[in-house]
Amino acid sequence: MSKLTVRDLNVSGKKVIVRVDFNVPIKEGKIKDDNRIVGALPTINYLLENNAKVILLSHLGKVDHKDPVKNEADKIKNNLEPVSKRLAELVDAKVTFVPVTRGVELEEAVKNLKEKEIILVQNTRYEKGESKNDPELSAYWASLGDLFVTDAFGSVHRAHSSTVGIAEILPSALGFLVEKEVEALGKAINNPARPLVAILGGAKVSDKIAVIENLLNIADKVIIGGGMAYTFDVALGKKVGSSLLEEDKVQLAKEFIAKANGKIILPVDSIVANSFDNPTDIKVVEGDIEEGYLGLDIGPKSIELFKKELQGAKTVVWNGPMGVFEKPEFANGTIEVCKAIAELPECLSVIGGGDSASAAKNLGFKDKFSHISTGGGASLEFMEGKDLPGISVIKEK
Ligand code: ADP
Ligand code: MG
């Protein structure tokens, strides 16, 4: 079973609508990180080389549609024009920016579009109907093209007009970026080489309930670190001082532990501090954490334990940092886990989750993993075992 990809479409001379993820950070008209634009280039270049007329759609940030004042401000802030300038520098083709999402100006630009040229349409979220998958809007956008390619992995978990609506109307396929994501995440989650070890962390249990549940079902071991581990510690009767704790999830943590049959591996020590913002007293604690201290990273014995548990893993999926990695004092657990995964022989290692991906990159492990997902929310939902509507809508070969 595999999905149609852009290679399966006959794109020559056709108007191909591509949903890309150009939701890049922009400050004062300047793009701070063009990774996502670069990520879309393989699909765009393939289409140009194969004589397609390329129509790009993307969202950028959020646009309020309730309050007219906010609506105007959001539109000014989230204008896609700077992206088209950057795109023009990255491709060897004419790029035309269309500052509207419908109407004569757009229709004329599409009519005049030639093979091997690109149109970038204004932010899809300028349209109120976009996030509601409004059938009228989907039909309108679909009427502009002959074919549709979905290449915005970061948006495939959302059933919007530009991700699902158009795909329901036009012959559609996956772009190269989404294909790569689906292959890597699919292999790790749906068809893993075993043992499969999951490492979960991050701030809150409540964000990750569905991920923990799904991975408890499919993984051979589930290592839990980060802030969420303290709720599990409390479930086991430990004291956690002022560490991150979700009292209302203690019962659930108890149930997970009972159900897990020894699969859950928890930290055995912590790096604790007397304050989050101004940590002047930092130490290693095993067992109970006293009042006035909070756990901000896993400790050295936990690192050793996690390394041991990772030995022999043939698949590792990782979501959620082991500590407050943004602060150097509390980044060590995350660094050491990255190192341990990087050293595993013949192991498919996959990172999902926005902060986990940026932790791995910022800490210097960008090339050490088999796959770092580009979609925070989308990769999380994949790991939850949820259906991703933007992918489901694409037909099997
Ligand atoms: P992801 O985006 O990869 O899914 P999360 O958003 O769940 O990850 O969690 C990331 C955040 O968790 C980071 O900002 C990190 O500082 C925080 N975090 C990790 N460990 C702790 C801890 N012990 N206490 C408080 N925050 C923590
Ligand atoms: Mg996050």
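Not measured: the values here are computed from a predicted model. First listed ligand is number 1; within each ligand, the first listed atom is number 1.
Counting Ile, Leu, Val, Met, Phe, Trp and Tyr side chains that sit under 4.5 Å apart, directly or through other members, Val69 stands alone, with no cluster partners.
In terms of modelled atom types and a separation under 3.5 Å, the side chain of Ser172 and the main chain of Leu170 share a donor-acceptor contact.
For Glu117 and Lys53, the salt-bridge test fails: no basic side-chain N is under 4.0 Å from an acidic carboxylate O. Between Glu336 and Lys307 there is a salt bridge, with a side-chain nitrogen of the basic residue lying less than 4.0 Å from a carboxylate oxygen of the acidic one. Classification of Lys221 and Glu309 as a salt-bridged pair holds, one side-chain N sitting under 4.0 Å from a carboxylate O.
Stacking of Arg36 on the aromatic ring of Phe22 is not recorded, the 6.0 Å distance cut-off and the 45° axial limit not both being met.
Around atom CG of Asp92, no more than 12 heavy atoms belonging to other residues, nucleotides or ligands sit under 6.0 Å away.
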If you look at each N/O of ligand 1, which protein N/O atoms lie under 3.5 Å away, and at what distance?
residue	atom	partner	partner atom	Å
ligand 1	2 (O)	Gly354	N	3.4
ligand 1	2 (O)	Asp355	N	2.8
ligand 1	2 (O)	Asp355	OD2	2.9
ligand 1	3 (O)	Asp355	N	3.3
ligand 1	3 (O)	Ser356	N	2.8
ligand 1	3 (O)	Ser356	OG	2.4
ligand 1	4 (O)	Lys208	NZ	3.1
ligand 1	4 (O)	Asn319	ND2	3.2
ligand 1	6 (O)	Asp355	OD2	2.9
ligand 1	7 (O)	Lys208	NZ	2.6
ligand 1	9 (O)	Ala203	N	3.3
ligand 1	12 (O)	Ala203	N	3.2
ligand 1	14 (O)	Glu326	OE2	2.5
ligand 1	16 (O)	Glu326	OE1	2.7
ligand 1	16 (O)	Glu326	OE2	3.4
ligand 1	20 (N)	Gly227	N	3.1
ligand 1	23 (N)	Gly227	N	3.4
ligand 1	23 (N)	Gly295	O	3.1

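No close placement of the Phe325 and Phe330 rings is indicated, their centers lying 6.0 Å or farther apart.
Only protein N, O or S atoms were considered, and those under 2.8 Å from the Mg ion (ligand 2) are Asp355 OD2.
The side-chain hydrogen bond (donor to acceptor under 3.5 Å, both in side chains) check on Thr5 picks up Arg7, with sequence neighbours excluded.
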